[in-house]
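Only one structure is covered here, and it is reproduced in the block below.
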Amino acid sequence: MNTETDAIESWLVDRVVAYGRVDTGTFTPETPLAELGLDSVYALTLCGDIEDEYDLDVDPTIVWDHPTIRELAGGISERLAAA
Amino acid sequence: MIAVDDREASMHEGVTASGAHWLMGAWIEREREGAGAPSALALLRRRRMGRTWARMLVTAGLGVDWPGFSADQPGRKPRLLGDGRIDVSIAHSGAMLLVAVVADGLVGADIEAEPFDVFDRPALIRRMCSDRELASVERLPRAARRRALARAWTIKEATLKARGTGLADDPRTVPTALDRLIDDADVGPERAIVHLTGSAGCAVSLPGRGDTSPARRGRTSHATSGPFDWSG
């Protein structure tokens with residue numbers, strides 16, 4: 001994992017903590033997002049936050065294609081590289 | 001009455017005018033209520049409980065043998081094995097769980113628990129509301145705006161679940177007459193059940209607050225003049 005992906009992963013962890021749907025310290029970047037209390041309304045919110053942070057337009061289906069924080073960070077990193 | 005161990009007192013059940021059986025209540029252990037966000041393990045227990053409630057509704061509510069769940073598909077609601085006539089929808093928010101089942105047609109359920117903090121987030125609001133809906137809520141006081149948005153979201157989400165598309169469809173394309181969903185005096189979680197049937201069209205229910213009147217029902221192929229302006 002490169003430095004940029006590390007930073008994205010850290011940012012994603014911060015977002016999940018900020019949403020307050022799961023107790024901090026009970027999950028890792030490899031815990032499935034579905035087990036972090038991120039239901040549809042938070043999946044949509046996360047997409048909006050990704051858009052704001054990285055100027056990247058993403059569909060909520062990105063969390064199905066990349067179902068963990070680590071995979072999602074990788075997916076965002078790839079999209080940024082391709083943009 | 002469906003018996004659900006020691007949580008009976010905090011549970012509500014009913015049947016909508018269109019025939020959807022529902023069960024709503026607190027899933028979380030009482031000692032944990034107000035103790036902050038649940039652990040990842042507790043969220044797994046929540047998932048199991050929702051499925052247990054679905055099984056109870058199918059067997060006790062609809063009176064049919066339990067067919068079992070089919071394999072999960074990411075981003076899709078749970079499906080049952082069998083001939084596909086029975087449809088199930090499970091929703092959760094905070095400590096609250098809402099489960100609905102129908103013997104015919106398609107069903108979607110959604111619930112949002114107070115205090116609706118997420119509906120303060122511009123990142124969400126701009127991705128869930130049409131321009132018309134944004135105009136309806138932008139001048140509202142914060143509390144009224146949050147509840148109106150929470151109510152609108154439950155209807156949008158329940159509709160997308162009933163369609164079986166989830167967020168593969170853009171919530172902004174599911175119209176609600178948001179200006180008519182504002183109710184400052186209301187308390188408690190917002191919840192909605194949407195039942196799509198071939199004969200009755202689309203029925204929207206707010207379980208525990210009374211079903212929508214016939215005037216609020218319409219065939220999915222026609223827009224209605226009621227507060228839920230369906231287009232599909």
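Protein chains get the first letters and strands the later ones, always in sequence-line order, with residue 1 at the start of each.
Residue A:Asp55 qualifies as open at atom CG: its count of foreign heavy atoms under 6.0 Å is 12 or below. The number of heavy-atom neighbours closer than 6.0 Å to CG of B:Asp117, taken from other residues, nucleotides and ligands shown, is above 12.
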Should B:Glu112 and A:Val41 be marked as a side-chain contact (heavy atoms from CB on, under 4.5 Å) after you check the CA-CA gap, both sets of side-chain angles, and the distance that decides it?
CA-CA 9 Å; B:Glu112 293 297 330; A:Val41 73; 3.9 Å; yes
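You'll find the side chain of B:Val118 reaches within 4.5 Å of the side chain of A:Tyr42, heavy atoms only.
With respect to chain A, the highest number of heavy-atom pairs below 4.5 Å among B:Ala123, B:Pro122, B:Ala91 belongs to B:Ala123. Note on A:Ala43, A:Cys47, A:Pro32: by heavy-atom pairs under 4.5 Å with chain B, the leading option is A:Cys47. Most heavy-atom pairs under 4.5 Å with chain B, from the set A:Thr31, A:Leu46, A:Val58: that is A:Val58.
For the salt bridge (Lys or Arg N to Asp or Glu O under 4.0 Å) with A:Asp52, the lone residue among B:Arg121, B:Arg127, B:Arg126 that qualifies is B:Arg126.
Note that the CG atom of A:Leu44 and the CE atom of B:Met128 stand 8.5 Å from one another [nearest 0.5 Å]. From B:Leu124, atom CG reaches atom CG of A:Asp49 across 9.5 Å, with rounding to the nearest 0.5 Å. Distance CG/B:Asp120 to OG1/A:Thr45: 11.0 Å, rounded to 0.5 Å.
Closest approach of B:Ala168 to A:Trp64, counting heavy atoms only: N-CH2, 3.8 Å.
Heavy atoms closer than 4.5 Å to chain B are found in the side chain of A:Thr61, but not in its backbone.
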